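Each remark here refers to the structure printed beneath this line.
Throughout, residue positions are numbered sequentially from 1 according to the sequence presented. What you see is a predicted model; the values in this text were computed from it and never measured.
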Amino acid sequence: MPASARQRCHAVLAGLVTLATAAVVSLAAPAPASAADTWTETGSDRADPLTESQGLTSVEVPANSPNHYTGIGTIPLSVSTRGWNHVGDPDASYNGYYIEPYQQDSGNSKMYRVQAPDGTWSEYVHTLSPGEALNNSWDAISPDGQWMLSGEWGTMNRLLVFPTPGVNRATSPSANLPQASTVNLDHPVRDVQGCDFSGPTTLLCSSDDPDGSLFGMTKPLLQIDLSAPPNGSADVTGHVTALRQLPLRSSCSGTFEVEGIDYDRRTGVLRVIVMSPGFCILTDSKTYKFSRG
């Protein structure tokens, strides 16, 4: 989210804590009917506004690891005092590398904080390319582990591709993390808060789009089908499909905020965080669960 919106969210949370559809819409060239999945809501869990309000990911290594969540309350003090005061939607590689995306209010860089399978942490900083937005809402690691996708806030026609920090041998904490290539989208997306791979060339993404003009619905679940697996050496294209509107239910009226997303290949369960408006951010924000079909 942008700095101004994030500051308002922080202020609301601080004050409150102190006091206390069905249709598939396909854009651009029509895709075969079998290309777009249908996701049915199967349940939900309460999302804590301090520690589960930004993102989530399932972790396969070590075995039996709990799901990881991010929120305002999960940012280490040693990180926030250096200006990295916002954490986005994380991801984990199949071989146990866990990566959190960070941003700051100003400057010319973004940061990815990496936990290796042995528990050690390291930081990889990316200096912005010309025209690149400062925000760092999410990361998504390719199934082969070698490439990491990331996106920018606002209305965008692309996703960014980086070598996966800590996994790809071309990366080092002592060197700039370079952008390797681009995913060029065949239809614009707006305010994407998270993406996750559900297959070698398929991404599922949560969009906080408040407008609805791009897809005929606000807050959509998106599917992006890549023309090829990202390999860092060449750009690929992405076909964008809006699958459904994400659940917007609360005891309070107002503006919801769609946050991070996770697909667990072991169970086939898709999860998306939706934060409730106003005071209800504390009481009925949810992580919604979906199954295919």
Side-chain angles (χ1 to χ4, degrees), residues 1 6 9 13 39 41-76 79 84 86-94 96-103 112-115 121 135-143 148-151 153 164 191-198 202-208 219-224 243-244 246-250 256-276 281-282 284-292:
M1 69 180 76
R6 185 171 71 253
C9 180
L13 285 173
W39 291 92
E41 183 183 339
T42 59
S44 64
D45 298 311
R46 177 180 176 269
D48 182 84
L50 291 179
T51 60
E52 301 175 349
S53 59
Q54 295 298 319
L56 73 167
T57 190
S58 49
V59 179
E60 297 188 19
V61 178
N64 302 314
S65 295
N67 296 323
H68 286 203
Y69 292 83
T70 56
I72 298 167
T74 70
I75 303 174
V79 174
W84 303 111
H86 178 270
V87 61
D89 184 39
D91 199 12
S93 66
Y94 297 158
Y97 283 82
Y98 168 72
I99 303 178
E100 295 178 340
Y102 282 84
Q103 71 186 64
Y112 298 90
R113 188 167 178 258
V114 181
Q115 186 179 38
W121 288 91
N135 78 287
N136 195 17
S137 296
W138 58 272
D139 62 68
I141 303 171
S142 62
M148 179 184 73
L149 274 59
S150 189
W153 187 259
T164 305
D191 299 350
V192 172
Q193 292 276 48
C195 289
D196 204 0
F197 279 90
S198 62
T202 303
L203 287 164
L204 295 169
C205 302
S206 52
S207 167
D208 191 46
K219 318 288 184 177
L221 172 66
L222 304 177
Q223 179 174 313
I224 301 177
L243 301 179
R244 56 165 292 162
L246 291 163
L248 304 174
R249 296 194 297 270
S250 174
F256 293 81
E257 184 164 13
V258 168
E259 295 287 357
I261 190 170
D262 174 67
Y263 174 75
D264 190 334
R265 65 171 181 164
R266 298 165 298 178
T267 62
V269 173
L270 177 70
R271 298 179 300 144
V272 183
I273 298 171
V274 180
M275 304 306 291
S276 295
I281 194 172
L282 287 177
D284 61 17
S285 295
K286 300 290 186 184
T287 297
Y288 289 96
K289 301 177 183 179
F290 305 86
S291 64
R292 187 184 279 106

Side chain K286, main chain R249, donor-acceptor under 3.5 Å: no

Geometric cation-pi criterion, R265 with Y94: 6.0 Å, 45°: yes

Student check: side-chain heavy atoms of W138 and L149 closer than 4.5 Å: yes

Test item: K219 and D208 side chains (from C-beta on) under 4.5 Å apart, heavy atoms: yes

Salt bridge (Lys or Arg N to Asp or Glu O under 4.0 Å) partners for D191, two or more places apart: none

Worked verdict on C205 versus I224 for side chain to side chain contact (heavy atoms under 4.5 Å, CB included): CA-CA 8 Å; C205 302; I224 301 177; 3.8 Å; yes

Inter-residue atom distance S207.OG - L222.CG, 0.5 Å rounding: 5.5 Å

Heavy-atom pair of closest approach, residues F290 and L246: CZ-CD2, 4.0 Å

Side chains of D262 and D196 in contact at under 4.5 Å (non-hydrogen atoms): yes

Donor + acceptor pair across side chains of Y69, S53 (<3.5 Å): no

Residue pair M275 / E259, side-chain heavy-atom distance below 4.5 Å: yes

Min side-chain heavy-atom separation T164-Y97 under 4.5 Å: no

Interatomic spacing from OG in S150 to CD1 in I99 - rounded to 0.5 Å: 10.5 Å

Taking every non-hydrogen atom, the tightest pair across C195 and I261: N-CG2, 3.5 Å

Minimal non-hydrogen separation, S276 against S285, with atom names: N-OG, 3.0 Å

Considering all heavy atoms, the nearest S206-V272 contact: CB-CG1, 3.9 Å

Donor on one side chain, acceptor on other, Q193 and Q54, under 3.5 Å: no

Under 3.5 Å donor-acceptor, R244 side chain and P220 backbone: no

Sidechain-backbone polar pair: D89 side chain, L56 backbone, donor-acceptor under 3.5 Å: yes

Close side-chain approach of V87 and T74, heavy atoms under 4.5 Å: yes

Donor-acceptor pair between Y112 and N136 side chains, under 3.5 angstrom: yes

All pairs passing ring pair (Phe, Tyr, Trp, His ring centres under 6.0 Å) where residues 45-64 contributes a residue, at least two apart: none

Chi angles and distances behind the salt bridge (charged side-chain N to carboxylate O under 4.0 Å, His left out) call for R46, D48: CA-CA 6 Å; R46 177 180 176 269; D48 182 84; 3.8 Å; yes

Closest non-hydrogen atom pair between D284 and S250, with its separation: OD1-OG, 3.0 Å

Ring centers of H86, Y102 separated by less than 6.0 Å: no

Any side-chain heavy-atom pair of Q223 and L203 under 4.5 Å: no

Least distance between heavy atoms, V59 atom then A92 atom: CG2-CB, 4.3 Å

Donor-acceptor side-chain pairing of N67 and S58 below 3.5 angstrom: no

Criterion side chain to side chain donor-acceptor pair (under 3.5 Å) against T57, the qualifying member of D139, D91, D264, T70: D91

Pair D45, T287: side-chain N/O donor-acceptor within cut-off below 3.5 Å: no

Intermediate values then yes/no, side chain to side chain contact (heavy atoms under 4.5 Å, CB included), W39 and R292: CA-CA 5 Å; W39 291 92; R292 187 184 279 106; 3.5 Å; yes

Cation over ring face, R113 and W121, 6.0 Å, 45°: yes

